[in-house]
Each structure stands twice: as structure tokens, then as C-alpha cells.
Amino acid sequence: MSSPVALVAGHPLPEGLRAAQDPALCAWLARLPALVDEVLERWELTAPPPFRPGGSSAWVAPVRTADGAEQVLKVAWAHEESRDEAAGMRAWQGRGVAALFRSERRGDTAALLMERVQPGVPLASRLTWPERDEVTAAVFAPVARPGRGAALRGRRSGT
């Protein structure tokens with residue numbers, strides 16, 4: 001089962017989304033062009049082609065705001081794994097993650113407008129595993145809050 005969607009915001013659907021197999025995701029993809037157009041219009045954004053190959057459950061593209069700022073728009077199928085994405089980004093306030101400027105959830109669709117972060121050199125091409133672990137720990141250190149780890153572990157385990 002592949003997606004019948006031809007164009008979203010005037011651009012071909014990224015490969016990652018075209019490969020969708022989940023029936024619920026495929027049904028959502030049929031509505032994706034209208035969903036993206038509506039968010040672009042309401043939030044006053046223009047979108048060049050989306051990132052390729054793209055994700056498996058979200059349309060993600062660089063966008064330009066009405067005042068010319070370069071940001072990223074993610075219009076995602078809201079499923080269990082993505083449920084708390086906006087809340088987490090908002091809690092981290094750009095510390096170690098892209099800043100979240102705006103978000104909303106409507107039914108099975110989540111829209112996030114976030115900071116555009118330019119990729120650099122992959123750590124794997126420059127560092128050993130232990131060195132990469134150190135960099136990762138340093139990036140996430142500002143995100144950590146005392147006492148929060150136990151609460152999150154308890155939530156995941158159902159306690």
C-alpha cells in the first residue's frame with residue numbers, strides 16, 4: 001500500500017512518506033495536501049521543497065515566515081510516539097534541541113513551527129563511540145532537571 005498523494009504544497013511527496021504501509025497513516029496522507037496548505041496559509045508561511053528523503057510519518061520542510069525568518073514546519077501524523085514532542089520541545093526551550101515557536105494539534109495531525117538548525121559534520125565521521133557519548137551527554141546536560149528522571153522512569157513503567 002503506497003500513498004496516492006502526488007503533490008504537497010506544490011512539491012512531490014518525499015520518499016519516506018511515499019513508502020507508507022500503515023492503513024491509518026495512508027488515510028492521513030490522503031488529507032495531507034489540504035492540511036499543509038491550511039497551515040501554510042494560516043501561519044503565513046511559504047515552503048520550498050520538503051527535506052528528502054523525509055520521515056516516515058511527517059512532512060517536514062524549510063519555510064519562510066511573513067517577516068522573512070527561515071524556520072522549519074513539521075506537519076505530522078499524531079501517533080503514540082509523537083504524542084509529547086511539542087511539550088518536550090517547549091520544556092527544553094531550545095536547550096539542546098531546536099526552539100519551538102508555535103505548535104498545535106488537531107485530531108490526528110500535529111503542526112510544529114521550529115527553529116531551522118543547519119546540519120554540520122556527523123559525529124561518526126570524526127569521533128570514536130566514547131567521544132560521541134561525551135558530546136551527547138554535554139548537549140543534553142542543560143536539558144536535564146533534578147528529580148525529573150525518576151518521574152519519567154515511573155511514568156514509562158506504569159507506576
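The analysis underlying the following values was restricted to heavy atoms, covering all of them including side chains, and did not include hydrogens, waters or symmetry mates.
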Result of checking V63, V72, V39 against L113 for side chain to side chain contact (heavy atoms under 4.5 Å, CB included) = V63
Mark yes when over 12 heavy atoms from residues, nucleotides or ligands other than E44 sit less than 6.0 Å from its CD; otherwise mark no.
-> no
Sub-4.5 Å side-chain heavy-atom contact between [X] and [Y]:
{"X": "P12", "Y": "R52", "value": "yes"}
{"X": "E104", "Y": "R42", "value": "yes"}
{"X": "W77", "Y": "D22", "value": "yes"}
{"X": "E134", "Y": "L127", "value": "no"}
{"X": "V8", "Y": "V75", "value": "no"}

Please determine whether residues [X] and [Y] belong to a single hydrophobic cluster, defined as Ile, Leu, Val, Met, Phe, Trp and Tyr linked transitively by side-chain heavy-atom distances below 4.5 Å.
{"X": "L112", "Y": "L73", "value": "no"}
{"X": "W43", "Y": "M89", "value": "no"}
{"X": "F51", "Y": "M114", "value": "yes"}
{"X": "L17", "Y": "L35", "value": "yes"}

Please confirm whether the backbone N or O of T46 pairs with a side-chain atom of R64, one donor and one acceptor, at under 3.5 Å?
-> no
R18 side chain to L13 main-chain N or O, any donor-acceptor pair under 3.5 Å?
-> yes
Least distance between heavy atoms, [X] atom then [Y] atom:
{"X": "R126", "Y": "E131", "value": "O-OE1, 4.5 Å"}
{"X": "A30", "Y": "P33", "value": "O-CD, 3.8 Å"}
{"X": "P48", "Y": "A61", "value": "O-CB, 4.2 Å"}
{"X": "C26", "Y": "A20", "value": "SG-O, 3.6 Å"}
{"X": "P62", "Y": "P49", "value": "CD-O, 3.5 Å"}
{"X": "L40", "Y": "A47", "value": "CD2-CB, 4.0 Å"}

Roughly how far apart are [X] [atom1] and [Y] [atom2], rounded to 0.5 Å?
{"X": "L45", "Y": "Q71", "atom1": "CG", "atom2": "CD", "answer": "7.5 Å"}
{"X": "R102", "Y": "R90", "atom1": "CZ", "atom2": "CZ", "answer": "11.5 Å"}
{"X": "R31", "Y": "D108", "atom1": "CZ", "atom2": "CG", "answer": "4.0 Å"}

